[in-house]
Amino acid sequence: MLRRVLGMAVLFSALTLAADVTGTWSGPMQMKKGDETHDDSAYLVLKQEGNVITGTVGPNVDKRMTITKGSIEDNALYIEAKHPERDAKMVLRLKLEGEKLTGELSAEGPEAPPISGKMTLTREKS
């Protein structure tokens with residue numbers, strides 16, 4: 001019985017560690033603003049504690065917003081970052097697929113511009 005309990009604990013630990021997204025992620029993003037589409041980049045610095053995600057998001061290392069709400073369930077991430085000067089937030093819905101984060105972003109709120117995008121990010125090596 002003790003072996004079974006220990007075995008389950010090890011398996012649970014391995015599954016929990018497999019979904020850890022802590023680190024710096026960057027990559028290309030295709031942005032759509034209204035009818036215009038252009039290539040851009042995304043830069044995320046994430047810290048995961050349990051299923052809570054904190055950190056920053058933005059287009060590059062110099063221009064980032066603090067994550068105000070972040071969570072992970074299985075391999076699905078939900079991230080919000082409030083714009084510092086208007087009633088708007090960026091919302092990212094990402095999925096961890098191996099060593100990549102893929103998904104979409106949108107701007108939401110009364111003062112949000114009509115922005116959406118798709119991104120594929122890889123974790124930077126430390």
Side-chain angles (χ1 to χ4, degrees):
M1 179 70 171
L2 181 58
R3 279 189 202 172
R4 180 175 279 176
V5 171
L6 289 174
M8 293 294 281
V10 169
L11 178 62
F12 180 73
S13 294
L15 291 174
T16 302
L17 292 175
D20 187 13
V21 295
T22 297
T24 301
W25 298 79
S26 62
M29 177 172 55
Q30 187 176 51
M31 290 283 292
K32 185 174 182 180
K33 184 173 184 180
D35 293 333
E36 296 179 20
T37 301
H38 69 276
D39 292 332
D40 207 334
S41 61
Y43 187 86
L44 285 65
V45 178
L46 305 177
K47 182 174 181 184
Q48 179 180 342
E49 292 184 20
N51 69 338
V52 176
I53 304 294
T54 58
T56 58
V57 300
N60 56 54
V61 69
D62 296 321
K63 189 175 180 184
R64 296 181 284 159
M65 296 183 289
T66 300
I67 294 172
T68 54
K69 181 178 181 181
S71 63
I72 183 169
E73 186 172 326
D74 297 322
N75 287 344
L77 282 79
Y78 177 84
I79 295 171
E80 290 182 6
K82 181 157 178 15
H83 192 281
E85 298 168 3
R86 62 176 98 155
D87 190 6
K89 63 185 173 184
M90 296 303 283
V91 176
L92 285 71
R93 290 174 177 86
L94 305 170
K95 184 174 182 182
L96 180 63
E97 298 174 328
E99 289 298 310
K100 294 189 183 289
L101 283 175
T102 59
E104 301 178 350
L105 77 85
S106 60
E108 298 180 6
E111 297 178 8
I115 293 176
S116 62
K118 294 181 186 256
M119 62 185 75
T120 301
L121 311 174
T122 55
R123 191 184 325 237
E124 294 186 358
K125 307 284 186 220
S126 10

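We count residues from 1, following the sequence as given.
Here the closest heavy-atom approach between residue R64 and residue V61 is recorded as NE-O, 3.0 Å. Nearest heavy atom pair, residue H83 against residue E85, reads ND1-N, 3.0 Å. Pairing each heavy atom of G50 with each of Q48, the nearest pair is O-NE2, 2.9 Å. Between R123 and D20 the shortest heavy-atom distance is NH2-O, 3.1 Å. The shortest heavy-atom contact between A107 and P113 is CB-O, 3.4 Å.
With hydrogens and angles ignored, the 3.5 Å screen pairs no side-chain donor or acceptor of D74 with any backbone N or O of A76. With E124 contributing its side chain and T24 its backbone, the two residues share no donor-acceptor pair below 3.5 Å. Using a distance-only test at 3.5 Å, with no hydrogens or angles considered, no donor-acceptor pair links the side chain of E73 to the main chain of N75. Here the side chain of T68 pairs a donor or acceptor atom with the backbone of E80 at under 3.5 angstrom.
The distance from the OG atom of S26 to the CG atom of L121 is 7.0 Å, given to the nearest 0.5 Å. Rounding to the nearest 0.5 angstrom, the gap separating the CG atom in L101 from the OG1 atom in T122 is 9.0 Å. Annotation: the span from K89 atom NZ to K69 atom NZ amounts to 7.0 Å, rounded to 0.5 Å. In this structure, the separation between CG on L92 and CD on E104 is 10.0 Å, given to the nearest 0.5 Å. The distance from atom CD1 of I115 to atom CG of L105, rounded to the nearest 0.5 Å, is 8.0 Å. Here CD1 of I53 is found 6.0 Å from CG of L46. Values are rounded to the nearest 0.5 Å.
When the side chains of ILVMFWY residues are joined at heavy-atom separations under 4.5 Å, either directly or via intervening members, L94 and Y43 end up in two distinct hydrophobic clusters. Note: the hydrophobic cluster containing V21 does not contain V45 (ILVMFWY, side chain heavy atoms under 4.5 Å, direct or indirect links).
Using a 4.5 Å heavy-atom threshold, the side chains of N51 and I72 count as touching. V91 places a side-chain heavy atom less than 4.5 Å from the side chain of Y78.
Qualifying side-chain contact (heavy atoms from CB on, under 4.5 Å) partners for K32, counting only residues two or more places apart in sequence or in other chains: T37, S116. Remark: D40 pairs with M29, M31, H38, P59 by the side-chain contact (heavy atoms from CB on, under 4.5 Å) rule, at least two apart or across chains. Residues passing the salt bridge (Lys or Arg N to Asp or Glu O under 4.0 Å) test with R86, sequence neighbours excluded: none.
Atom NZ of K82 sits in a crowded spot, with more than 12 heavy atoms from other residues, nucleotides or ligands closer than 6.0 Å.
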